[in-house]
K.L.:
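Can you keep this structure in mind? I'll have questions shortly.
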Amino acid sequence: MFPTRLVQTALLSCFLQSVPVFANGFPGEPDLSFTPPITATAVLPLPDGRVVAAGVRTFRLDGSTSGTEVVILRPDGSDSPLPWLLPSVFSTIYDIDQFDDGSFLVSGTWSPNGAPTTAQIAKLEPGGVVHPEFGANLGLRGEIRETVLLPGGGIVIAGTLTDPSDASISGIVRLNSNGNVDRTFTASGGARLSSSEGTVLTLKMLPNGKLLAGGEFVTFDGTPQAGLARLLPTGELDTTFRSPLRPGSMVLAMALQPDGRILVAGLVNLHGYARSTVVRLNTDGDLDPAFRPVSTDLAAIRSRMGLAVDDQSRVLLSGAFGFVNNVRYRGIVRLSPHGIPDPNFAPFSKFYPIPTVTSRNSRLALGFQGEVYNFHQAQGWEGFIPGILRLFGGDQDPSPPTILDHSRNYQNAEGERAEFTVQAIGFPSPSLQWFMNERAIPGATNVSLVINALRRSHIGILSVAASNSLGIVSQQIANILVLHRSRGPGEIDTSFRLEDPSLDIIHSVSQTSDGRLIVAALMQQGEANRILRYGVDGLRDQNFWVDLDLLPPFGSVSANLLPLENGKILVGGRFGGVGGTKRRNLARLLADGSLDSSFADLGGASGPITALLRLMDGRYCIAGSFTNIQGVDRFRLAILNPGGATDESFTPPCLQR
């Protein structure tokens, strides 16, 4: 056990010094020159490189009273003079904003023992002065989770807010420039979210002046609105906003792109099931199909998440997750503008126990030089460590590939499983290719190579090559020796071993002409119903997955699969859509998993499809509990033309009702 953060930092520093270091550090790795002396719950980077941080640090006022502190940190994390001391006012500060005059707004909550929780705000002026009158008559119960500054000096606050003297004020409240409640904001009947409806957890102002509220609610001001609502500047609900979120959604974080598109993170229910994910919405609220939804493990929703967008429209996500799209990313990940995880960001956090392993109550702030501030409780070697981490942002300096792993001897019995992992760094991100005895292994281009069942043909030298535009490097990874083991008739064929912990219930399995497996399955914890693809060695194809949507009022989804020519797949079963596009129990997919729009969608099947068959002439025979297929009455059995339309010439009398 390592007893102190100092020891952890020293060991991490030694590790980073043992590998090539880029001019500004590895993107996503901790900046060890930044050593703030404060436990922060809110952070605001300033253009000059300083940081305003609010949190708790032991101090005494008047010799006896402790309180919350707001400090301005220098670029190296040390204190600037004159911190603001806030005695007996704040238990927790959740948000910091800066007014046009240079003063700061802090907001949060005060929770004295045995007394009701009250909402608190303060205006901090230069020189360590707390404005004595600002917000003196606020009088709200609950917590302020997020604030938005309005043009002209107004403020909107959101959280678990109620006014004991005015039931019309709840959830989202607008304040005047003096910090007192602006009661005209709700006079017309808008912006009320009672405690019975749920909680607002995040709030953003859109470029058009409207407000976007996210949280855990099913109705907003009595109107069905699950997890996400847009408000007019007057505070009324904007009913033209078409949110795709369904009941069961819980929005933990939001971020806005410069073009107005909206990123949403949390527990998202789009089509009848909820999963921990990040999605992108267009300005009108419709789901943006250009951004592939990103799935995290459900641990991420147990606390706050952080979400931010950098100047290249890349998305940064932090939280208590350990996996993103079933690949290990621990606590923080950067996504491309299309939702693809960036393997060049925080590469070591996948393999080494650095302080960004797992974060609780994690939030993000982007500095003006591209740096990333992750303030949270981070799990390190000795448990949870509260504080601020400054991570390098941007991109690495261009460099040729370097392979960090070293070769070793490997010996195991025939039929056993073997796994090898390599870490290659460089920018642009290196491409990988594994070799067995100097022959390229088809499809082996990931950081890990899994041999599910060792055979005598695997004896020899395993190596890997990493290449980018600046060079190529090759390194021996293992010298493999396979021990012979005889197998008798009837034993399990150990040459295939599927190990995918994300699977729960498999509905059906089919094999493509090239030997790959197509699997329809319910994922762990009911997160999603998906169609997945696996190689002949049992390894999952991480670039292929298809979500099947629920068909109300049924609470279950099933699917049968029929692989076709050119890699296409005919899907029949019980479902209401494919990847957010409406399809009733019948669809055809292209080889990459996208929906084949050339396959006729004429209403689908009226009931589940339980069997699929491709006829020799290219038509399809389908069977199930339907009475109507593609708009044509058919009882239990039908034949479809290759384009998907029902073949009306096939009507066997024995199968008619």
Side-chain angles (χ1 to χ4, degrees), residues 244 246 270-273 505-512 518-523 526 528-533 545-657:
R246 299 292 178 260
L270 294 175
H271 311 295
Y273 56 85
I505 300 173
I506 294 179
H507 300 308
S508 63
V509 178
S510 294
Q511 189 174 35
T512 61
I518 306 294
V519 176
L522 174 69
M523 312 304 287
N529 287 275
R530 270 189 196 145
I531 300 174
L532 306 170
R533 186 166 64 196
W545 80 81
V546 182
D547 284 334
L548 296 177
D549 308 330
L550 184 70
L551 176 65
F554 299 107
S556 63
V557 172
S558 62
N560 299 284
L561 307 171
L562 178 62
L564 305 171
E565 67 283 355
N566 300 323
K568 295 183 179 181
I569 305 166
L570 188 66
V571 185
R574 175 188 286 171
F575 52 86
V578 176
T581 302
K582 185 177 179 181
R583 288 292 186 274
R584 186 179 175 88
N585 299 328
L586 181 65
R588 191 167 67 187
L589 307 178
L590 299 175
D592 63 357
S594 60
L595 196 63
D596 184 355
S597 59
S598 68
F599 188 76
D601 175 34
L602 304 174
S606 62
I609 295 173
T610 56
L612 303 166
L613 177 66
R614 186 174 185 273
L615 303 179
M616 295 183 65
D617 60 5
R619 293 180 300 165
Y620 309 120
C621 181
I622 64 173
S625 58
F626 53 83
T627 58
N628 181 286
I629 179 73
Q630 305 287 32
V632 180
D633 287 340
R634 285 293 181 273
F635 186 67
R636 306 296 189 238
L637 187 69
I639 289 181
L640 307 180
N641 291 316
T646 303
D647 184 351
E648 299 190 34
S649 66
F650 178 77
T651 54
C654 63
L655 294 176
Q656 296 180 9
R657 283 183 290 176

K.L.:
Check for a donor-acceptor pair, side chain of Asn566 on one end and backbone N or O of Lys568 on the other, with a separation under 3.5 Å.
P.N.:
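Absent.
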
K.L.:
If every non-hydrogen atom of Leu561 is compared with every non-hydrogen atom of Ser508, which pair is closest and at what distance?
P.N.:
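Leu561 and Ser508 have their closest heavy atoms at CG-OG, 3.6 Å.
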
K.L.:
Is it true that a side-chain atom of Asp549 and a backbone atom of Gly580 form a donor plus acceptor pair closer than 3.5 Å?
P.N.:
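Looks like yes, one N/O pair under 3.5 Å.
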
K.L.:
Let me confirm one number: the OG-CG distance from Ser558 to Asn529, rounded to the nearest 0.5 Å.
P.N.:
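Taking OG in Ser558 and CG in Asn529, the distance rounds to 8.5 Å.
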
K.L.:
Rounded to the nearest 0.5 Å, how far apart are CZ of Arg614 and CG of Leu640?
P.N.:
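Going from the CZ atom of Arg614 to the CG atom of Leu640 covers 13.0 Å.
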
K.L.:
Could you state the interatomic distance from CD (Gln630) to CG (Asp647), rounded to the nearest 0.5 Å?
P.N.:
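Output value for this atom pair is 12.5 Å.
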
K.L.:
Kindly indicate whether the side chain of Leu595, heavy atoms from C-beta on, has any atom under 4.5 Å from the side chain of Leu589.
P.N.:
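In short, these two side chains touch, coming nearer than 4.5 Å.
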
K.L.:
Begin with the C-alpha distance, continue with both residues' side-chain angles, and end with the deciding distance and a verdict on side chain to side chain contact (heavy atoms under 4.5 Å, CB included) for Tyr620 and Arg588.
P.N.:
CA-CA 12 Å; Tyr620 309 120; Arg588 191 167 67 187; 3.0 Å; yes

K.L.:
Minimum heavy-atom separation for Asn585 to Ile609, with atom names?
P.N.:
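Answer, listing the atom of Asn585 first, then Ile609: O-CD1, 3.3 Å.
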
K.L.:
Between Gly573 and Asn560, what is the shortest heavy-atom contact and its length?
P.N.:
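The pair with the smallest heavy-atom distance is CA-ND2, 4.4 Å.
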
K.L.:
Any chance you could lay out the side chain to side chain contact (heavy atoms under 4.5 Å, CB included) test for Val557 and Leu550, step after step, and finish with the verdict?
P.N.:
CA-CA 6 Å; Val557 172; Leu550 184 70; 4.1 Å; yes

K.L.:
If I compare all heavy atoms of Gly572 with all of Leu612, which pair ends up nearest, and what's the gap?
P.N.:
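Minimum heavy-atom separation between Gly572 and Leu612: N-CD1, 3.7 Å.
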
K.L.:
Before giving the answer on side chain to side chain contact (heavy atoms under 4.5 Å, CB included), spell out for Leu270 and Arg246 the whole-Å C-alpha distance, their side-chain angles and the decisive distance to 0.1 Å.
P.N.:
CA-CA 6 Å; Leu270 294 175; Arg246 299 292 178 260; 5.9 Å; no

K.L.:
Are any side-chain N or O atoms of Arg584 and backbone N or O atoms of Ala605, one a donor and one an acceptor, separated by less than 3.5 Å?
P.N.:
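Yes: the side chain of Arg584 pairs with the backbone of Ala605.
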
K.L.:
Looking only at non-hydrogen atoms, find the nearest pair between Pro563 and Gln511 and report the distance.
P.N.:
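Nearest heavy atoms, Pro563 then Gln511: CG-O, 3.5 Å.
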
K.L.:
Can you check side chain to side chain contact (heavy atoms under 4.5 Å, CB included) on Leu586 and Ile629, steps first, answer last?
P.N.:
CA-CA 9 Å; Leu586 181 65; Ile629 179 73; 4.1 Å; yes

K.L.:
Could you tell me the separation between the NE2 atom of His507 and the CZ atom of Arg530, rounded to the nearest 0.5 Å?
P.N.:
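One gets 12.5 Å once the value is rounded to the nearest 0.5 Å.
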
K.L.:
Would you check if the side chain of Asn641 reaches a backbone N or O of Gly643 as a donor-acceptor pair within less than 3.5 Å?
P.N.:
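No, because the side chain of Asn641 does not come within donor-acceptor range (under 3.5 Å) of the backbone of Gly643.
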
K.L.:
Nearest 0.5 Å please: distance from the CD1 atom of Ile531 over to the CG atom of Leu548.
P.N.:
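Atom-to-atom, Ile531:CD1 and Leu548:CG are 4.5 Å apart.
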
K.L.:
Calculate, to the nearest 0.5 Å, the distance between atoms CG and CG belonging to Leu564 and Leu590 respectively.
P.N.:
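Answer rounded to 0.5 Å: 11.0 Å.
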
K.L.:
Measure across Cys621 and Leu637 and return the closest heavy-atom pair with its distance rounded to 0.1 Å.
P.N.:
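That closest heavy-atom pairing would be SG-CD1, 3.6 Å.
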
